[in-house]
Amino acid sequence: MISLEDIKSNPVPNHIAIIMDGNGRWAKQRQQQRIDGHIQGASALKNTLEGCLAAGVKYLTVYAFSLENWNRSPLEVEGLMDLFVRYCHTEVDNLNKNNIRFRAIGKLDMLNDECYQTLRITEQKTEQNSALTLTIAISYGSRWEIVNAAQQLAKEVEAHQIKSEQIDERLFTNYLMTDFMPDPDLLIRTSGEYRISNYLLWQIAYTELYFTDVLWPDFTKEELYKAIADFQRRERRFGKTSEQIKDTAK
Ligand code: FPP
């Protein structure tokens, strides 16, 4: 068993991104409705958030609803929207108590008015907090995000606000919805799927990937610490050789 003390004795990832997958299968295994899996998934998110806070992780970014998820049944989509609203209402005091800032990223204009307003109000109510930033990707798709950034830049070039030669990786990053966060150090995907599913494609260029068979509703702090411990055993080289990394560490 990996304890919090074990985790904290080594460098902890600054930013963890999670693809919370397997809610539907979790519900099916129990002859329950898909939404029951999502409700249990919200509870797993609370535990993970607590675990991240205790370990000293500064950014947690979770994939709650993809642009592709709009194609699910109206019953499931409405159930999820209600769940996001309820999560914000019930958790906002807790977020403030724990100094956690809440952010939402994605094509938010596709959300219903209640969900959109609730997310924005929760962002405003927590904007002074600084211990950890919890970002929920809702109605999010990475290719859309990148195309959107390219369109913004093209408009500014057309309006002569910037020159095309000024566009480099650094500037481009400022036009993504994630401009307020560093790139993830660790990406976790649950439920035994080995895909990225259009999540943070630009941002995970050098991110360590961790896959587990555990279904998201069963993901506990212990599972989180296992993922962090696995990350801590890896050597991140960013294209350099092992020897170069050891030299710079001297
Ligand atoms: C993927 O599992 C999960 C989702 C599409 C929804 C994620 C939402 C939550 C965890 C709810 C809590 C979130 C917040 C922000 C309160 P799936 O339904 O695709 O599972 P399956 O692959 O087993 O069918």
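First listed ligand is number 1; within each ligand, the first listed atom is number 1. Since the model is a prediction, treat every value here as computed from it, not as a measurement.
- Classified by interplanar angle (parallel below 30°, tilted 30° to 60°, perpendicular above 60°), the ring pair Y199/Y140 is perpendicular.
- Legend: side-chain hydrogen bond (donor to acceptor under 3.5 Å, both in side chains) pairs involving residues 155-171, not counting sequence neighbours, sorted by first then second residue: E156-Y175.
- Between atom CD of residue E193 and atom CZ of residue F211 there is a gap of 10.0 Å, rounded to the nearest 0.5 Å.
- Among protein residues, M20, D21, G22, N23, G24, R25, R34, H38, G41, A42, L45, A64, N69, R72, L83, F84, Y87, I136, W216 come within 4.0 Å of ligand 1, judged on heavy atoms.
- The side-chain heavy atoms of F231 and I188, taken from C-beta on, include no pair separated by under 4.5 Å.
- In this structure, CZ on F219 lies 5.0 Å from CG on L224, to the nearest 0.5 angstrom.
- Checking side-chain atoms of N129 against main-chain N and O of I100 turns up a donor-acceptor pair under 3.5 Å.
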